[in-house]
Amino acid sequence: MEEKIIIWLQSHQSKLLDVLMQAESYIASWIGALCLFIIIILFVNKKFGLYFGFGFGFLITLGVNYIIKEIVSRPRPYVVNPDIINKLTTIGKSFPSGHSVSVMFMVLTIFYLFHWLYKQGKFKLYRKKWFVVLTYVLGILFIFATAISRMYLGQHYLSDILAGLVLGALGFIVTWLLMRKKLEKIYKI
């Protein structure tokens, strides 16, 4: 079933779609997350506690993802099925999807950051209902586009992606729970 989804997605391939899916995959990688955290530090606030904590939580979550990949050792779809085209030069295992871990952690961090800035009185735009809705819609679309791109590129099964999304969400939640009291004290949230 999962292989059929990938084959169906790849049956709609084009040069433009290849470029768009590869770009989406690149943005959703750890490189995209690193750029996000750097932008946040440079432009949002000079206090490093919030960003360092979430950056460290992100790295720990990626480490857990790597350990799970090595334990499960599931081959990528293009290795298992010759009908699936490998559209990237990727090495490593398939389960769970590291890009899905990254994108979920990034999106949840952005949602939390906007909420935190609003509570600090530094982000008045967040009072506008249309902006809040737009933020959530774009975040969900980013998650969905990453999931589709990873399957389209022949890198992951749907179950890899779902497991990565769950792991990314759990990593964010654990990071937030560990930092919550400290954040409330430092930033008077």
Side-chain angles (χ1 to χ4, degrees), residues 1-37 39 54-55 57-112 133-176:
M1 170 70 175
E2 290 185 296
E3 290 177 7
K4 288 180 182 178
I5 294 170
I6 298 167
I7 291 168
W8 181 82
L9 286 169
Q10 288 188 342
S11 72
H12 297 87
Q13 68 181 324
S14 70
K15 296 276 187 201
L16 176 62
L17 210 47
D18 287 357
V19 169
L20 291 174
M21 294 295 184
Q22 288 173 359
E24 168 64 26
S25 184
Y26 187 74
I27 292 167
S29 71
W30 66 270
I31 295 169
L34 179 63
C35 291
L36 169 70
F37 287 113
I39 289 168
F54 280 99
F58 177 73
L59 292 175
I60 294 295
T61 305
L62 287 181
V64 169
N65 182 66
Y66 177 77
I67 290 167
I68 294 170
K69 277 183 182 280
E70 291 303 311
I71 291 169
V72 175
S73 198
R74 183 182 197 184
R76 294 194 182 267
Y78 65 84
V79 173
V80 175
N81 187 332
D83 294 331
I84 295 174
I85 302 164
N86 177 16
K87 295 182 171 285
L88 291 176
T89 54
T90 308
I91 58 171
K93 309 295 188 241
S94 184
F95 182 91
S97 166
H99 284 75
S100 296
V101 170
S102 293
V103 74
M104 182 59 89
F105 202 103
M106 281 192 287
V107 167
L108 291 175
T109 300
I110 290 168
F111 290 168
Y112 178 72
V133 170
L134 180 65
T135 300
Y136 282 98
V137 167
L138 290 175
I140 291 166
L141 285 175
F142 186 40
I143 292 167
F144 183 74
T146 300
I148 296 298
S149 76
R150 299 308 290 162
M151 290 186 290
Y152 175 87
L153 296 168
Q155 302 303 303
H156 291 288
Y157 298 100
L158 180 58
S159 57
D160 301 340
I161 291 161
L162 295 175
L165 293 174
V166 169
L167 180 59
L170 287 173
F172 173 83
I173 291 167
V174 167
T175 301
W176 177 77

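No hydrogens, no waters, no symmetry mates; every other heavy atom, side chains included, goes into these values. Starting from 1, each residue takes its place in the sequence as its number.
- The main-chain N or O of Tyr78 is never found under 3.5 Å from a side-chain atom of Glu3 such that the two would form a donor-acceptor pair.
- In this structure, Trp176 and Tyr112 have perpendicular ring planes: the angle between them is above 60°, well past the 30° mark.
- Note on Arg76 versus Glu2: no salt bridge recorded, every NZ/NE/NH1/NH2 to OD/OE distance being 4.0 Å or above.
- In this structure the side chain of Val103 reaches within 4.5 angstrom of the side chain of Leu165, judged on heavy atoms.
- Here Thr61 contributes atom OG1 and Leu170 contributes atom CG; the two are 9.0 Å apart, rounded to the nearest 0.5 Å.
- Leu158 CG to Lys4 NZ: the interatomic distance, rounded to the nearest 0.5 Å, is 15.0 Å.
- The structure places OG1 of Thr135 at 11.0 Å from CD1 of Ile140, a figure rounded to the nearest 0.5 Å.
- Residues Ser94 and Pro77 are in side-chain contact: their nearest non-hydrogen atoms beyond the backbone lie under 4.5 Å apart.
- Expressed to the nearest 0.5 Å, how far CD1 of Ile60 lies from CG of Asn65 amounts to 13.0 Å.
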### Task
Would you please test Leu88 and Asn86 for side chain to side chain contact (heavy atoms under 4.5 Å, CB included) and show each step?
CA-CA 6 Å; Leu88 291 176; Asn86 177 16; 4.2 Å; yes
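- Residues Pro96 and Leu167 share a closest heavy-atom pair of CG-CD2, 4.3 Å.
- Taking both residues in full, the closest heavy atoms of Val80 and Pro75 are given as CG2-CG, 3.7 Å, listed atom of the first, atom of the second, then distance.
- The shortest distance between side-chain heavy atoms of Ile148 and Met21 falls below 4.5 Å.
- Counting heavy atoms from C-beta outward, Phe58 and Thr109 have side chains that stay 4.5 Å or more apart.
- Here the shortest heavy-atom pairing between Ser102 and Leu62 reads OG-CD2, 3.7 Å.
- Between the side chains of Gln13 and Lys87, a donor-acceptor pair is found at a separation under 3.5 Å.
- The backbone N or O of Thr146 lies less than 3.5 Å from a partner atom in the side chain of Glu24, making a donor-acceptor pair.
- Looking at Asp160 and Ser100, their side chains never come closer than 4.5 Å, going by heavy atoms from C-beta outward.
- Listed for the Ser25 side chain is no donor-acceptor partner under 3.5 Å among the backbone atoms of Gln22.
- Applying the ring pair (Phe, Tyr, Trp, His ring centres under 6.0 Å) test to pairs two or more places apart or on separate chains, those with a residue in residues 150-175 are Phe54-Phe172, Phe105-Phe172.
- Expressed to the nearest 0.5 Å, how far CE of Met106 lies from CD1 of Ile143 amounts to 9.5 Å.
- The closest donor-acceptor contact from the side chain of Gln155 to the backbone of Leu153 lies under 3.5 Å.
- Two residues are said to be in side-chain contact when any heavy atoms from C-beta on lie closer than 4.5 Å; Lys93 and Arg74 fail this criterion.
- How far OG of Ser73 is from CD1 of Ile68: 13.5 Å, rounded to the nearest 0.5 Å.
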